[in-house]
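Structure, as structure tokens:
As the structure lists them, so they are numbered: ligands from 1, and atoms in each ligand from 1.
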Amino acid sequence: MKIGICSDHAGFEYKGKLISYLLGKGHEIVNFGTDSPESCDYADFAHPLADAVEKGTVEAGIAICGTGNGMAITLNKHQGIRAGLAWNTAIGELVKEHNKANVLVLPARFISYRMAVSIVRTWMQTAFAGGRHARRIEKIPVK
Ligand code: RB5
């Protein structure tokens, strides 16, 4: 897959490790920053990632900040984005199976790196269930 990834300073370390992990699995990665552990503002990185997912220049995205909420709130301002926050593998599975999340959001300050990898792997391997969930996600965009 071609995956876009971004973080703020709180997610910077996990982002670097996840990029290495995903490259090692043969995925193509587009890194939207941040590029240092210096304090920064999550929206500066969430918007470019959301634009890329909406345009289809990447197939999906991963965003990481301290709680995950700053990234999720910002990403979900974009009509074409369904950003889902996941803190364990069951949520990582359901956010794809039920919500077809095209951006996975991780709360770096509240999960281990090992859990982050496990969530990413699960989310990537899970398929959208369709059916009643397709009807539900069709009702999400503001008309
Ligand atoms: C950064 O301190 C923190 O506010 C940010 O990573 C995130 O948790 C915001 O939602």
Are I119 and F128 connected, step by step, through hydrophobic side chains (Ile, Leu, Val, Met, Phe, Trp, Tyr) whose heavy atoms are closer than 4.5 Å?
-> no
Answer yes if L23 and W123 sit in the same cluster of Ile, Leu, Val, Met, Phe, Trp and Tyr residues linked by side chain heavy atoms under 4.5 Å apart, and no otherwise.
-> yes
Could you tell me whether atom 4 (O) of ligand 1 has a protein heavy atom closer than 4.0 Å?
-> no
Considering both backbone and side-chain atoms of [X], is one of its nitrogen or oxygen atoms within less than 3.5 Å of a nitrogen or oxygen in ligand 1?
X	answer
G70	yes
G66	yes
Y42	no

Of the backbone atoms (N, CA, C, O) and the side-chain heavy atoms from C-beta on, which set of C65 has a member under 4.0 Å from an atom of ligand 1: side chain, backbone, both, or neither?
-> both
Protein contact to [atom] [nearest heavy atom, distance to 0.1 Å]:
atom	result
atom 6 (O) of ligand 1	D8 OD2, 2.5 Å
atom 2 (O) of ligand 1	R109 NH1, 3.1 Å
atom 8 (O) of ligand 1	T67 N, 2.8 Å

Sort out for me which residue in H27, K25, E28 forms a side-chain contact (heavy atoms from CB on, under 4.5 Å) with M1.
-> H27
A10 neighbourhood, listing ligand 1 atoms whose heavy-atom distance to it stays under 4.0 Å = 6 (O)
Which of the atoms of ligand 1 are close to H9, meaning less than 4.0 Å from one of its heavy atoms?
-> 1 (C), 2 (O)
Partners passing side-chain contact (heavy atoms from CB on, under 4.5 Å) against E13 (at least two apart in sequence or in another chain) = K17
Side-chain donor-acceptor distances from residues 43-51 under 3.5 Å, at least two apart:
from, atom 1, to, atom 2, distance (Å)
H47, ND1, H78, NE2, 2.8

Any donor-acceptor pair under 3.5 Å from N88 side chain to A90 backbone | yes
Is a side-chain donor or acceptor of D8 paired with a backbone partner of C40 at a separation under 3.5 angstrom?
-> no
